[in-house]
Amino acid sequence: HYLALATIGLGLVLTIVAREVEVTGGSEGLAGVPALAPFGIELAGDVGYWYLAGGVLVAAVLAVAALLRSRVGRALVAVGDAPAAAASSGIDIAAHRRLAFMVSAVLAAGAGSLYAHWVGYVDPSTLDLPLSLQLLIVAAGGLRTVWGPPVGAFLVVSLLQLSQETLPQVSERVGGQTEVVAYGFALVLVLLVLPDGVAGTATAAVAHRL
């Protein structure tokens with residue numbers, strides 16, 4: 001809990017810093033981020049970026065799955081499940097936690113880079129607390145399967161977009177952050193009904209059928 005709170009606090013500090021320093025463009029952000037052209041091939045609009053992002057996502061999931069099947073990956077799982085037992089088995093807890101931070105940072109940096117090149121503009125709002133909370137709620141996809149985070153991200157974005165399009169049709173008074181309340185309530189319901197997450201529950205159901 002201390003680590004989670006410290007991480008959120010650091011994000012808030014970085015948001016203020018990003019709005020004050022020139023290297024980030026201040027509160028106006030950075031515009032004119034060039035489009036990607038992998039191997040000299042210019043991507044054709046949103047569809048091209050969709051295929052690129054999808055390929056990167058699949059590669060990341062496969063890489064993480066391979067990591068978890070390795071000796072280091074089994075040690076990471078042990079550190080997450082039972083740190084005391086892992087330490088008694090000779091596993092360096094601090095080193096493996098640093099490795100977990102490094103891997104997650106590389107994945108987040110790659111995703112952020114793709115986003116910046118896609119929209120062509122970044123500003124300090126990407127460091128705001130609401131987005132950080134959305135990333136935490138991605139856990140609704142499931143924590144014990146590599147497909148949990150992608151499924152959780154899909155749920156978060158889909159519920160947010162659906163609430164933004166549907167709720168205004170229900171009432172003209174709906175606006176502001178009402179849609180955030182709607183998808184937040186839906187995600188809390190998912191966590192209560194499916195404690196293992198959507199992907200984790202689906203994986204368990206398939207395994208049971210097999």
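- V23 and I16 are assigned to two separate hydrophobic clusters, defined by single-linkage of ILVMFWY side chains at heavy-atom distances under 4.5 Å.
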Where do T145 and V151 land on the side chain to side chain contact (heavy atoms under 4.5 Å, CB included) test, with the steps shown first? CA-CA 10 Å; T145 170; V151 171; over 6 Å; no
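- Of all non-hydrogen atoms in G26 and P124, the two that sit nearest each other are O-CG, 3.4 Å.
- In this structure the side chain of D123 never reaches within 4.5 angstrom of the side chain of T24, judged on heavy atoms.
- Scanning all heavy atoms of the two residues, the minimum distance from A86 to I93 falls at CB-CD1, 3.9 Å.
- No donor-acceptor pair closer than 3.5 Å links the side chain of Y115 to the backbone N or O of V122.
- Considering only heavy atoms from C-beta on, S27 stays 4.5 Å or farther from E20 through its side chain.
- Checked by atom type and distance alone, the side chain of H117 pairs as donor or acceptor with a backbone atom of P34 at under 3.5 Å.
- Expressed to the nearest 0.5 Å, how far CG of L62 lies from CG of L57 amounts to 9.0 Å.
- Residues M102 and L68 fall within the same hydrophobic cluster, defined by Ile, Leu, Val, Met, Phe, Trp and Tyr side chains chained together at heavy-atom separations under 4.5 Å.
- Residues V58 and V146 do not share a hydrophobic cluster, clusters being chains of Ile/Leu/Val/Met/Phe/Trp/Tyr side chains in contact below 4.5 Å.
- Here the NE2 atom belonging to H208 is positioned 13.5 Å from the OG1 atom belonging to T201, to the nearest 0.5 angstrom.
- Y121 and L30 make their closest contact through CD1-O, 3.1 Å (heavy atoms, listed as atom of the first residue, atom of the second, distance).
- Within the 4.5 Å cutoff, side-chain heavy atoms of L114 are placed close to those of L36.
- The side-chain contact (heavy atoms from CB on, under 4.5 Å) test with L76 is passed by exactly one of L99, I91, V103: L99.
- Taking all atoms of both residues into account, the shortest heavy-atom contact from L107 to A60 is CD2-CB, 3.8 Å.
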Pair L52-W118, side chain to side chain contact (heavy atoms under 4.5 Å, CB included): steps then yes or no: CA-CA 10 Å; L52 176 61; W118 173 50; over 6 Å; no
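- Scanning for side chain to side chain contact (heavy atoms under 4.5 Å, CB included) contacts around R74 gives R71, with sequence neighbours left out.
- The closest side-chain heavy-atom distance from V61 to W147 is below 4.5 Å.
- Residue A85 comes nearest to S88 through the heavy atom pair O-OG, 2.6 Å, listed as atom of the first residue, atom of the second, then distance.
- V21 is not connected to V33 by any chain of hydrophobic side-chain contacts under 4.5 Å among Ile, Leu, Val, Met, Phe, Trp and Tyr, and they are in different clusters.
- Counting heavy atoms from C-beta on, the side chains of F101 and L3 come closer than 4.5 Å.
- Distance check, rounded to the nearest 0.5 Å: CG of L5 to CG of L10 gives 12.5 Å.
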